[in-house]
Amino acid sequence: TALLDLQTGFALSPIGASLTASKRESGAMVSLRGSATGPIALRENGRVRGLTRAGQRGYLQLEPFTIADIGIQPAGSQDVVYDQSTERFSVYPGNIMHTVRTLREIRIMVGQLTDLNGTALANAVLTAEGETIGTTDADGYFQIDASPGDRILARLPDGKTCAFTLPALAQSDQPFVQIGPQPCAPD
């Protein structure tokens, strides 16, 4: 005669719900926002304890009466900008903590900077969020590491500035993307 004893746990928080098979009744719900195509590791005290993806939630079962440092990191080969800090939780029986993390996938993008008439803009310095990310060559071509939707500011050799927004991209595991001509509007 076999006896199957399975306890289930149900976690409900403002950011979602999770059903787990466990004798533990405490845990952490991690909600991931943003864009990343690969898996994201959920970490407890420096150890990988689970996997989830951007736009989803993951649940980590935690031992009561402990301190848990919860964090995330990319588990695949994609380049992702993310908060690398951990969040510390005091775990008591029955409590479910929750945290929200945001991810931005970085792609290598190649394109050509043009004015609104389609004329190439040479030797421009490109910045995103105040940080220099590249320059254009004599024909206006550039290669940058950035995220779809980033607003790029171009400073032209004559001191004038213009701006453009990187296009949304189809989901792909390819880190290298050709985005073609990017019309730059006066800023």
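All figures in this text were calculated on a predicted structure; none of them were measured in a lab.
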Smallest separation among heavy atoms of [X] and [Y], with atom names:
X	Y	answer
Ala122	Ala138	CB-O, 3.3 Å
Thr86	Arg101	C-NH2, 3.8 Å
Tyr82	Leu103	CB-CD2, 3.6 Å
Leu42	Gly58	CD1-CA, 3.7 Å
Thr99	Glu87	OG1-OE1, 2.5 Å
Pro148	Ala168	CB-CA, 4.1 Å

With sequence neighbours left out, what residues match [X] under side-chain contact (heavy atoms from CB on, under 4.5 Å)?
X	result
Thr135	Val125
Ala41	Val48, Leu51, Gln73, Ala75
Gln112	Thr114, Ala120, Tyr141

* **Test side chain to side chain donor-acceptor pair (under 3.5 Å) applied to Ser147 - qualifying residues, sequence neighbours left out** => Arg104
* Asked: Has the side chain of Thr136 got a donor or acceptor atom that lies under 3.5 Å from a matching backbone atom of Ala124?
  -> yes
Give, for atom [atom1] of [X] and atom [atom2] of [Y], the distance between the pair rounded to the nearest 0.5 Å.
X	Y	atom1	atom2	answer
Thr127	Leu153	OG1	CG	4.0 Å
Leu62	Glu25	CG	CD	12.0 Å
Ile70	Arg43	CD1	CZ	11.0 Å
Met97	Leu60	CE	CG	9.5 Å
Ile152	Leu126	CD1	CG	7.0 Å

* To do: Could you name each residue pair satisfying side chain to side chain donor-acceptor pair (under 3.5 Å) that touches residues 156-168, not counting sequence neighbours?
  => none
* To do: Please tell me if the side chains of Ile108 and Gln143 come closer than 4.5 Å, counting only heavy atoms from C-beta onward.
  => yes
* Asked: Side chains of Asp150 and Ile133: does their closest heavy-atom pair fall under 4.5 Å?
  -> no
For residues 88-96, please give each side-chain donor-acceptor pair under 3.5 Å, one per line with the distance, not counting sequence neighbours.
unit_1 : atom_1 : unit_2 : atom_2 : d
Arg88  : NE     : Asp69  : OD1    : 2.7
Arg88  : NH2    : Asp69  : OD1    : 3.4
Arg88  : NH2    : Asp69  : OD2    : 2.9
Asn95  : OD1    : Tyr92  : N      : 2.9
Asn95  : ND2    : Ser90  : O      : 3.3

Result block: side-chain N/O donor-acceptor pairs under 3.5 angstrom for residues 176-187, not counting sequence neighbours:
unit_1 : atom_1 : unit_2 : atom_2 : d
Gln182 : NE2    : Ile179 : O      : 2.9
Asp187 : OD1    : Arg151 : NH2    : 2.6

* Asked: Does Arg155 have any salt bridge (charged side-chain N to carboxylate O under 4.0 Å, His left out) partners at least two apart in sequence or in another chain, and if so, which?
  -> none
* Asked: Have Thr119 and Asn117 got a donor and an acceptor in their side chains that come within less than 3.5 Å?
  -> no
* Pairs in or reaching into residues 109-124: which pass salt bridge (Lys or Arg N to Asp or Glu O under 4.0 Å), with residues at least two apart or in two chains? -> none
